[in-house]
Amino acid sequence: TAPPSVWKYKDLLPVAIEPVSIREGGTPLYKCDRLAEKIGVKELYVKHEGMNPTGSFKDRGMTVGVSKAIELGMKTVACASTGNTSAALAIYGAKAGIPSVVLLPAGKVALGKIGQALMHGAKVIMIKGNFDDALALVRELCEQEPIYLLNSVNPYRLEGQKTIAFEIVDQLGFKVPDRVVLPVGNAGNITAINKGFKEFVTLGITDKRPKMTGIQTEGACPIVKAYKAGADNITPEKNPETIATAIRIGDPVNARKALIAIKESGGMAESVTDDELVQAQKDLAQLEGIGVEPASATSVAGLKKLVDAGLISKDETVVCVTTGHLLKDPEEVISVCAEPVTVEANLEALRKAVFE
Ligand SMILES: Cc1ncc(COP(=O)(O)O)c(/C=C/C(=O)C(=O)O)c1O
């Protein structure tokens with residue numbers, strides 16, 4: 001009966017100590033009737049993970065991952081990141097009182113995320129390469145040094161993120177949606193959420209699981225290509241490119257697990273263009289008052305594309321997960337919105353601007 005939050009489900013989480021927690025989880029599940037009408041589905045909900053403490057779902061993985069680091073007596077934590085993982089690691093490291101090291105792809109990280117990692121005191125290192133290069137490097141470092149790696153190769157990250165599934169069931173009054181649609185980058189989240197729904201079935205709390213539907217952008221979609229080819233692993237993309245820098249990933253580390261999650265749940269994978277995701281970002285913000293960063297909007301853009309293609313039935317109850325807050329990437333927002341009007345400071349000029 002307690003309100004949803006990550007540690008509401010502590011009995012299903014592998015941490016014995018008092019957790020390192022800053023009130024993560026318990027994010028809103030908004031019923032989006034205007035958006036549902038525009039897309040053409042009967043029932044659409046948006047699980048807005050941008051309402052976590054650092055503004056992304058990564059807080060769920062880090063509250064468990066950093067708690068585990070403390071439980072294991074680790075002295076330093078590290079990750080590679082397209083930005084949100086580093087912001088979350090920095091804040092939870094600060095909360096836990098241990099140093100964090102974060103590796104970011106130079107020149108390709110949204111401003112808000114860099115600001116968070118810096119202000120929360122992480123050692124922020126820009127790698128002259130992309131996220132995949134940074135991940136390979138940090139894995140090598142953590143194999144050689146007593147530094148605890150907290151990318152989503154670390155299973156404790158996924159344990160925290162599976163609570164998204166628990167909360168969705170909780171918030172729908174113990175109903176399970178027909179489908180969950182979410183953005184996919186390194187593919188930890190789709191794996192984690194699928195696991196959460198499976199655990200509730202195993203525990204007899206629910207009796208069905210949603211179709212897990214992963215969305216990527218056309219410039220970075222190794223998992224979509226593998227899914228469409230019926231393959232059980234990906235061919236890494238050397239130069240992923242997309243406005244959605246959070247998922248600008250060519251060699252997702254959880255690809256095999258994600259393809260299994262999609263297949264065993266009867267889900268699918270699809271890609272969208274940057275233009276389609278920007279339109280969805282505006283629709284979320286202007287039709288429903290939900291402010292998201294670009295990568296998050298791929299879930300709604302992908303849903304629209306699949307409904308238009310007749311691949312998703314209009315009768316489905318769908319949950320789209322929006323994974324990060326609008327404030328993370330203000331530069332992208334300014335770049336895709338019309339210029340504000342600037343007027344002389346007098347009433348005549350104002351009236352002209354308001355009513356013209
Ligand atoms: C807003 C947002 N939406 C979707 C994803 C994709 O989740 P995964 O498929 O579990 O990777 C990310 C991932 C970010 C990082 O990988 C990182 O921060 O290093 C994100 O920040």
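Whatever order the structure lists ligands and atoms in, that order sets their numbers, starting from 1.
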Under 4.0 Å between heavy atoms, the region of Ile247 that gets near ligand 1 turns out to be side chain
Of all protein heavy atoms, the one nearest atom 21 (O) of ligand 1 is Asn84 ND2, 2.8 Å
Verify, without hydrogens or angle tests, whether Thr242 (side chain) and Thr217 (backbone) share a donor-acceptor contact under 3.5 angstrom.
no
Among non-hydrogen protein atoms, atom 4 (C) of ligand 1 lies closest to Thr323 OG1, 3.5 Å
One should read off an interatomic distance between Ile223 CD1 and Gln216 CD, to the nearest 0.5 angstrom, of 5.0 Å
Checking side-chain polar atoms at under 3.5 Å, does Gln116 have a donor or acceptor matched by the opposite partner on Lys328?
yes
Residues passing the side-chain contact (heavy atoms from CB on, under 4.5 Å) test with Val333, sequence neighbours excluded, are Gln281, Leu326, Cys337
For atom 10 (O) of ligand 1, the closest protein heavy atom turns out to be Asn189 N, 2.8 Å
The atoms of ligand 1 lying under 4.0 Å from a heavy atom of Gly185, numbered in the order shown, are 6 (C), 8 (P), 9 (O), 11 (O)
The protein heavy atom nearest to atom 7 (O) of ligand 1 is Phe57 CZ, 3.4 Å
The atoms of ligand 1 lying under 4.0 Å from a heavy atom of Thr85, numbered in the order shown, are 15 (C), 17 (C), 18 (O), 19 (O)
Next item on the list: May I ask you to check whether Lys108 and Thr82 show a side-chain donor-acceptor distance below 3.5 Å?
Entry: no
For Asn186, the atoms of ligand 1 under 4.0 Å from one of its heavy atoms are 8 (P), 9 (O), 11 (O)
So the atoms of ligand 1 within less than 4.0 Å of a heavy atom of Val184 turn out to be 9 (O)
Heavy atoms of Asp59 and Ala88 approach each other most closely as OD1-CB, 3.4 Å
*Check the angle between the aromatic planes of Phe174 and Phe200 and answer parallel, tilted or perpendicular using the 30° and 60° thresholds.*
parallel
Atom 19 (O) of ligand 1 sits nearest the protein heavy atom Thr82 N, 2.8 Å
Quick note on ligand 1: atoms under 4.0 Å from a heavy atom of Gly188 include exactly 8 (P), 9 (O), 10 (O)
Honestly, for Gln161 the part within reach of ligand 1 (heavy atoms, under 4.0 Å) is neither
Per salt bridge (Lys or Arg N to Asp or Glu O under 4.0 Å), Glu264 is matched among Lys198, Lys211, Lys195 by Lys198
#### Entry: Sub-4.5 Å side-chain heavy-atom contact between Pro240 and Ile249
no
Margin query: Side chains of Arg256 and Thr191: any donor to acceptor distance under 3.5 Å?
Written below: no
query = For ligand 1, is there an atom lying under 4.0 Å from some heavy atom of Ala187?
reply = yes
- Could you tell me whether ligand 1 has any atom less than 4.0 Å away from a heavy atom of Ser152? no
In ligand 1, the atoms that come under 4.0 Å of a heavy atom of Glu293 are 1 (C)
All heavy atoms of Leu12 vs all of Lys162, minimum pair found to be O-NZ, 2.8 Å
of all protein heavy atoms, closest to atom 13 (C) of ligand 1 is Lys58 NZ, 3.2 Å
Ser81 heavy atoms within 4.0 Å reach ligand 1 at atoms 17 (C), 18 (O), 19 (O)
When distances are taken from atom 20 (C) of ligand 1, the protein heavy atom at minimum range is Ala246 CB, 3.6 Å
